[in-house]
Amino acid sequence: MRDGLSGLTFFGQRSMVHSLIQQLVSTALQQLQQQGLFAEEQIFSFQVERPRDKNHGDFATNAALVLAKTARLPPRQLAERILAALPAGQTAVERCEVAGPGFINFFLTPHTLQSLILTIAEQGTQYGRSQVGAGRRLQVEFVSANPTGPMHLGHGRGAVNGDVIVRLLQAIGCQVEREYYINDAGAQTLVLGRSVLIRYHALFGQEWPMPEGCYPGDYVRDIAIALRDAQGDRWLTPTLPDHPPGEVVDFAIARCLEWIREDLERLNIPFDTWFSERSLHTQGMIAHAIVQLEAKDLIYEGILEPPKGKQPEDWEARPQRLFRSSQFGDEVDRALQKSDGTYTYFAADIAYHLNKAERGFDTLINIWGADHGGYIKRVQSALAALTGRHTLLEVRLVQMVNLFRAGQPVRMSKRAGTFVTLREVVEETGADAVRFWFLLRSSGASLDFDLELAMAKTNENPVFYVQYAHARVHSLRRRLQERGGWVEVADARQLQRLSEEAELELLRLLSRYPEVVEQAALEKEPQKIPHYLLELAAAFHTYYNGHKILDEDTDLRAARLALANATGQVIANGLTLLGVHAPEQM
RNA sequence: GCGCUCGUAGCUCAAUUGGAUAGAGCAACGGCCUUCUAAGCCGUAGGUUACAGGUUCGACCCCUGUCGGGCGCACCA
């Protein structure tokens, strides 16, 4: 597996109850082993998991199914034997039974579920956090949008996804750093500089046509105005120079970066490190990487085959300096230098990732736009060649965002100037809505973002739906304070009043939260949190609708309010993890 | 042509990474406000998981092939 953390699940902290059941089954199997049902050297690998269907209990094990063959018994018979051998005397499990093809289902006592409320109250904002990933040092590189224009929605989605992956990993105890790679060295920066220079001259009455490939957006004019305001007419020339002055390029890049920082700030996304591509060139890091590859005899002068099937028209065979990436899983070898002798983007990327590796991270995670998918293998190849580790770099691809308004697609065109920027969308709908929606779908699938739906105050809007559930909890607290002046705290005796199925169901959901966080973190799949929160909010809305929480009965009232508070706490924890506010009032 | 990726209810998406009878929301239809926020809830209907094989106790998930959508495919980034 490429997941650098996958090993942790095995040793991962599970809930007390979960490990208790694991222990029960183990003990039973050992007893059967002593009875001669299994060979002495038999190693038991089975799973204790959460059944999908609540009728199948709180936990289930597949032990009998997995071990049926070696025990030479039909699964259900083996399950019966295991059941009979389970140690007695514990109080957490109310009953267990054999079901289906041979599962053993465990049903917890209400008391065990009820006591969860005390745990949540005690742990508060810490409930759901763990130390499963303690000792791991990771880096997540994300956004890394070119500083040549405003951020679009796809950038925003990558930004939010990366941000929450970091938060998730931190929630399980990992040490994580956020990094932004600034592409400030390539040809596109010169294009930006030239575009600005043309707009700049236009401000002084010198109109030149925009050459093919230059950036037409209004923001280029804004940069030109800023340049004029800051530095006057010092860059005026009678004719358009072949290369824009370095200072103009730098000015433009700095300006774009400033916008990007502002956009990220509005989404509440901080970075630890801003890494300049240019510094790789100026500080000899590319040469450093190439020396290492040469020492391993992985560089040669050669001519690449033209790509099969689809041939570029201007194809010409030419000798290039190539890296033997095909030895490390890439399809073909890749060029390190262009015809003019300068390094390719790939060469810089090798140096960059070598630099990351040298900084001693256990795992590198990159969040890239889906259009860079074809680039993964070559970077992984380079890292494997230089470090010997194929698993060091994990890349998550983020698919595009389609913008809608009231169900109708918003047509966008860069040329026509109808391009909708990330900033405009955040300003219209707010950071909470943008963040939650961008997290709702798995990043591998394209996402539809509807401007009106994102702001709707109905249950069609998942952001609202979850926040409203949280607000309802606080509404109850306010109402109680209005009446009695303080919020009651339930004790174990009162919590016994939580015996209805809807209440136990809510408790089961709450007990799953730490597992959801852990799984979302280990798999780097943030969308699991919004989906869980939607489920929890739905369960709470249902409960709220069918039960009077501020009941006349003091004990019942205390118990139900404690349950509501626990739910509110978990929703707040989940939303905080997503960087979304949990309002107390709506 | 090759590589990556996706294909699940009419629409938008889930499914504990191989578990039991595949679940939600929207749209459709029918209900619930003199009671803590109806900004909400309940019910009905909706499926050969694109298709065909294979692996095994068990497959939406893994393997092979086919069809269809997206992305990429010398020196750009």
Side-chain angles (χ1 to χ4, degrees), chain A residues 47 49-53 55-56 60 62 64-66 68-69 74-75 99-103 105 146 148 183 185-189 191 213 277 303-312 314-318 320 322 330-332 334-340 342 344-346 348-349 369-377 397 399-400 407 440-442 444-448 450 453 456-462 464-465 467-469 471-472 475-476 478-480 483 512 515-516 519 523 525 527-528 531-532 534-535 538 541-551 557 560-561 564 585-586:
Chain A
Q47 290 169 356
E49 55 193 16
R50 296 277 192 171
R52 245 189 266 274
D53 188 335
N55 294 320
H56 298 146
N62 62 355
L65 292 161
V66 181
K69 196 170 270 180
F103 289 100
N105 295 336
N146 285 348
T148 55
N183 296 119
Q188 84 286 346
T189 62
V191 174
E277 177 189 359
I303 300 173
L304 287 176
E305 299 278 315
K308 287 173 182 166
K310 204 175 184 178
Q311 286 218 9
D314 58 341
W315 166 265
E316 58 177 80
R318 62 174 157 253
Q320 285 174 310
L322 303 171
D330 202 1
E331 284 93 45
V332 294
R334 304 290 179 179
L336 297 173
Q337 278 176 328
K338 306 180 212 168
S339 346
D340 63 3
T342 59
T344 60
Y345 182 78
F346 178 47
D349 234 0
D371 54 341
H372 289 65
Y375 205 75
I376 298 174
K377 278 185 187 170
L397 295 179
Q399 287 283 350
M400 62 185 300
L440 202 50
R441 307 285 176 235
S442 82
S446 63
L447 176 146
D448 295 341
D450 193 301
L453 201 49
K457 295 187 188 314
T458 69
N459 58 2
E460 293 173 59
N461 180 359
F464 170 80
Y465 188 78
Q467 289 182 325
Y468 180 43
R472 272 187 152 171
S475 169
L476 289 169
R478 277 193 301 276
R479 190 52 53 101
L480 188 64
R483 288 185 197 168
R512 270 182 40 210
E515 296 166 29
V516 173
Q519 204 182 4
E523 287 160 18
E525 291 188 345
Q527 81 279 3
K528 291 186 185 301
H531 282 290
Y532 168 82
L534 283 165
E535 205 181 337
H541 284 310
T542 297
Y543 179 60
Y544 179 94
N545 235 270
H547 298 79
K548 177 102 175 159
I549 291 169
L550 300 183
D551 197 88
R557 180 170 70 235
R560 286 182 169 175
L561 190 69
Q585 209 165 341
M586 303 203 66

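Naming convention: chains lettered A, B, ... in sequence-line order (proteins, then strands); numbering from 1 in each chain.
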Pair partner, B:rA22 [Watson-Crick or wobble, under 3.5 Å]: none
Sugar-phosphate, base or nothing in reach of A:A187, heavy atoms under 4.0 Å: sugar-phosphate
Sugar-phosphate only, base, or nothing, as touched by A:A370 at under 4.0 Å among non-hydrogen atoms: sugar-phosphate
B:rC13 glycosidic torsion: syn (within 90° of 0) vs anti: anti
Inter-nucleotide P distance (B:rG43, B:rC26), Å rounded: 13 Å
A:L534 CG - B:rG40 P separation (whole Å): 13 Å
Sugar-phosphate, base or nothing in reach of A:Q467, heavy atoms under 4.0 Å: nothing
Phosphate OP1/OP2 of B:rA24 contacted by A:Y532 side-chain N/O (<4.0 Å): no
Sugar-phosphate, base or nothing in reach of A:A99, heavy atoms under 4.0 Å: base
Sugar-phosphate only, base, or nothing, as touched by A:S442 at under 4.0 Å among non-hydrogen atoms: sugar-phosphate
Sugar-phosphate only, base, or nothing, as touched by A:P51 at under 4.0 Å among non-hydrogen atoms: base
Contact letters for nucleotides 29-37 of chain B, in which S counts primed atoms plus P, OP1 and OP2 and B counts the base, heavy atoms under 4.0 Å: ------SBB
Sugar-phosphate only, base, or nothing, as touched by A:A538 at under 4.0 Å among non-hydrogen atoms: nothing
Under-3.5 Å donor-acceptor pair between A:D371 side chain and B:rA77 base: no
Verify stack between A:H56 ring and B:rA20 base, 5.5 Å, 30 degrees: yes
Intermediate values then yes/no, side-chain contact (heavy atoms from CB on, under 4.5 Å), A:L304 and A:Q320: CA-CA 8 Å; A:L304 287 176; A:Q320 285 174 310; 4.0 Å; yes
5'-most by nearest nucleotide on RNA chain B - A:N62 or A:G186: A:N62
Salt bridge (charged side-chain N to carboxylate O under 4.0 Å, His left out) partners of A:R50, counting only residues at least two apart: A:E515
Test side-chain hydrogen bond (donor to acceptor under 3.5 Å, both in side chains) applied to A:N183 and A:Y345, step by step: CA-CA 9 Å; A:N183 296 119; A:Y345 182 78; 3.0 Å; yes
Anti versus syn assignment for B:rU17, with syn defined as within 90° of 0: syn
Whole-angstrom distance between B:rC51 and B:rG69, as gauged at atom C1': 16 Å
Minimum-distance nucleotide (side-chain atoms of A:Y345 versus B:rC13, B:rA77, B:rA74): B:rA77
B:rU21 and B:rU49, which share atom name C1', separated by this distance in whole Å: 15 Å
Chi angles and distances behind the side-chain contact (heavy atoms from CB on, under 4.5 Å) call for A:N459, A:F464: CA-CA 7 Å; A:N459 58 2; A:F464 170 80; 5.9 Å; no
Touch class at under 4.0 angstrom, heavy-atom based, for A:E305 against every strand present: nothing
B:rA38 phosphate, OP1 or OP2, under 4.0 Å from A:N459 side-chain N/O: no
Heavy-atom donor-acceptor pair, A:D330 side chain to A:K377 backbone, under 3.5 Å: no
Rounded distance in Å between the C1' positions of B:rA52 and B:rG68: 15 Å
Any-strand Watson-Crick or G-U partner of B:rU64, both distances under 3.5 Å: B:rA52
side-chain contact (heavy atoms from CB on, under 4.5 Å) between A:I549 and A:Y544, intermediate numbers included: CA-CA 7 Å; A:I549 291 169; A:Y544 179 94; 4.1 Å; yes
Candidates B:rG19, B:rA77, B:rC26 - which lies nearest the side chain of A:E460: B:rC26
Sugar-phosphate only, base, or nothing, as touched by A:D450 at under 4.0 Å among non-hydrogen atoms: nothing
Check against side-chain contact (heavy atoms from CB on, under 4.5 Å), A:L480 and A:L561: CA-CA 10 Å; A:L480 188 64; A:L561 190 69; 3.4 Å; yes
A:L336 CG to B:rA77 C1', straight-line distance once rounded to whole Å: 16 Å
Residue met sooner reading RNA chain B from 5', once A:P101 and A:K528 are mapped to nucleotides: A:K528
Separation of the P atoms in B:rA45 and B:rA24, to the nearest angstrom: 13 Å
Base of B:rA20 and ring of A:F103 stacked, centres under 5.5 Å, planes under 30°: yes
Under 3.5 Å on both distances, the Watson-Crick or G-U partner of B:rU34: none
Whole-angstrom distance between B:rG54 and B:rC60, as gauged at atom P: 15 Å
Donor/acceptor link under 3.5 angstrom from A:R318 side chain onto base of B:rA74: yes
No-H, no-angle donor-acceptor pair, A:E523 side chain to B:rU17 base, under 3.5 Å: yes
A:K69 side chain near B:rC57 phosphate (N/O to OP1/OP2, under 4.0 Å): yes
Same-atom distance (P) from B:rG65 to B:rU8, integer angstrom: 22 Å
From B:rA20, B:rA77, B:rU12, nucleotide with atom closest to A:A60 side chain: B:rA20
Sugar-phosphate only, base, or nothing, as touched by A:S446 at under 4.0 Å among non-hydrogen atoms: sugar-phosphate
Nearest-Å distance for atom pair NZ/C1', residues A:K338 and B:rA74: 14 Å
Nucleotide paired to B:rG47 in any strand shown, Watson-Crick or G-U, under 3.5 Å: none
Touch class at under 4.0 angstrom, heavy-atom based, for A:T458 against every strand present: sugar-phosphate
Distance between C1' atoms of B:rU48 and B:rG53 (Å, rounded): 15 Å
